[in-house]
Amino acid sequence: MLTGLQPTGTITLGNYIGAIKQMVEYQEKYKSIIFIADMHAITVPIDSETLANNIRQLVAIYIACGIDPEKNLIFLQSDNEFHANISWMLECNTYFGELSRMTQFKDKSAKNQNFTAGLFTYPALMAADILAYDTHYVPVGIDQKQHVEIARDIAIRFNKKYGDTFVVPEPLIREAGTKIMDLQDPTKKMSKSSESQKGVIRILDDVNTIRKKINSAVTDSVGKVNYDPENQPGIANLINIYTSLTGVSKEEVVEQFADANYGTFKKAVGDVVAEKFEKIQARYNELINSDELDKILDEGMKKSREIAKAKYEMMKNKIGLRR
Ligand code: AMP
Ligand code: TRP
């Protein structure tokens with residue numbers, strides 16, 4: 001199992017539910033690789049200092065959230081030069097047309113007219129991340145499903161052309177973790193890069209701020225806790241948050257809060273999030289300035305290079321990049 005997170009901005013409740021929480025569960029079940037997708041972060045403009053801070057912060061957050069360095073290979077993508085090399089060989093087996101159909105590219109390129117070639121070829125780099133490690137499963141949020149699918153297509157195509165080289169990966173998408181929305185605009189994804197302050201819960205927000213944000217979440221005039229994403233998107237979002245963090249089913253939540261007003265329900269959701277994040281923040285504060293982090297990354301760099309180098313050599317040889 002392999003997955004990565006981009007170090008672009010302090011991660012949100014959406015990232016926690018959509019990505020990190022699953023990794024913590026999967027580490028018990030699968031041989032796991034978790035990496036910081038820092039080279040993906042430079043596909044859009046980002047300040048150098050900010051990027052460097054985000055990278056260190058993200059490693060500390062991963063571990064504080066329960067990612068166990070004993071059970072996972074943890075590394076930085078940019079510490080491993082084989083990702084970019086493999087990506088190039090994959091790009092040359094990827095069609096312009098298929099990259100043009102990526103919805104994330106369409107969204108992001110529409111936002112900034114001066115988008116880069118890297119933004120366009122990003123899915124090939126992601127395919128390299130995945131395929132270099134014979135990955136079977138890729139836990140991601142629903143918005144990344146298309147990128148895992150293109151990685152599959154590229155793997156199948158390469159295997160056909162050059163003989164068996166890659167495991168064909170599958171996305172692992174969880175129902176309850178699916179897309180957490182902005183608290184102020186529940187039709188919009190809760191996003192790290194969002195300008196919205198009140199609508200986005202960050203993992204390092206202090207717990208009073210978290211409670212306040214949830215208390216002022218936009219709801220509706222129905223006035224009853226139902227799971228109806230179409231007509232009550234705000235409440236549906238809060239139900240998703242609650243179920244994801246507690247494991248209680250949607251039906252049970254609706255039943256449990258059948259007679260409650262929105263204020264009571266919001267308080268319950270706020271308690272659940274605050275309790276979870278308080279523990280994570282305590283561990284984060286221990287880690288952030290320790291050299292334990294650097295040791296973990298040095299070890300990860302060494303191991304990940306060994307694995308990716310073997311795949312790189314195999315690809316070169318098959319393609320005919322040999323003497
Ligand atoms: P991003 O923050 O867009 O770089 O996404 C990093 C990871 O977190 C990906 O696996 C996303 O699918 C997941 N993710 C980000 N935002 C959300 C969200 N609001 N709800 C669920 N998953 C999310
Ligand atoms: N593109 C992913 C995102 O934005 C991050 C990522 C990069 C990734 N490479 C990956 C996720 C490989 C899973 C597997 O969230």
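Note that these values count all heavy atoms, side chains included, but never hydrogens, waters or copies made by symmetry. Both counts, for ligands and for their atoms, begin at 1 and track the order of listing.
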Within the structure, does [X] bring an N/O atom to less than 3.5 angstrom of an N/O atom in ligand 1?
X    : answer
Q6   : no
M181 : no
V140 : no
T12  : no
T8   : no

Close approach, D143 and ligand 1, non-hydrogen under 4.0 angstrom: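 It does; at least one heavy atom falls under 4.0 Å.
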Shortest reach to atom 21 (C) of ligand 1 by a heavy atom, considering only P171, P139, G14: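 Selected option, by shortest heavy-atom distance: G14.
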Heavy-atom nearest neighbour of atom 20 (N) of ligand 1 within options L5, I173, I11, I180: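 Selected option, by shortest heavy-atom distance: I180.
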E299 side chain to P69 backbone, donor-acceptor under 3.5 Å: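 Looks like no, no N/O pair under 3.5 Å.
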Short side-chain to backbone donor-acceptor contact, K318 and D164, under 3.5 Å: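 Yes: the side chain of K318 pairs with the backbone of D164.
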Validation row: I63, Y284 side chains within 4.5 angstrom (heavy atoms):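 They are not in contact (no side-chain heavy atoms under 4.5 Å apart), so the answer is no.
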Numbering as shown, the atoms of ligand 1 that approach K179 to under 4.0 Å (heavy-atom distance):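 Matching atoms, with element in brackets: 20 (N), 21 (C).
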ILVMFWY cluster, F257 and V218 together (side-chain gap under 4.5 Å):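 No: no chain of side-chain contacts under 4.5 Å links F257 to V218.
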Joint cluster assignment, L99 & L125, ILVMFWY side-chain distance < 4.5 Å: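 No.
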Under 4.0 Å from ligand 2 - residues by heavy atom, chain and number: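 Residues L2, T3, G4, Q6, F35, A37, H40, Y122, M126, D129, I130, V138, V140, Q144 each place a heavy atom under 4.0 Å from ligand 2, listed by chain and number.
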Carboxylate-amine/guanidinium proximity below 4.0 Å for D205 and K213: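 The answer is yes: the pair qualifies as a salt bridge.
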Within the 6.0 Å centroid threshold, strictly below: Y122 and F105: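 No; F105 has its ring centre 6.0 Å or more from that of Y122.
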Ring centres under 6.0 angstrom apart (H83, Y312):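 No, they do not, as the ring centres are separated by 6.0 Å or more.
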Pairs under 3.5 angstrom only: tabulate donor-acceptor contacts from the side chains of residues 232-239 to other protein residues two or more places apart or in another chain.
| unit_1 | atom_1 | unit_2 | atom_2 | d |
| --- | --- | --- | --- | --- |
| Q232 | OE1 | N226 | ND2 | 3.2 |
| Q232 | NE2 | D220 | OD2 | 3.4 |
| Q232 | NE2 | K224 | O | 2.8 |
| Q232 | NE2 | Y262 | OH | 3.0 |
| N237 | OD1 | M181 | N | 2.8 |
| N237 | ND2 | M181 | O | 2.8 |

Distance-only polar pair, side chains of E170 and H136, donor-acceptor under 3.5 Å: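 Their side chains do not contain a donor-acceptor pair, so the 3.5 Å distance test is not met.
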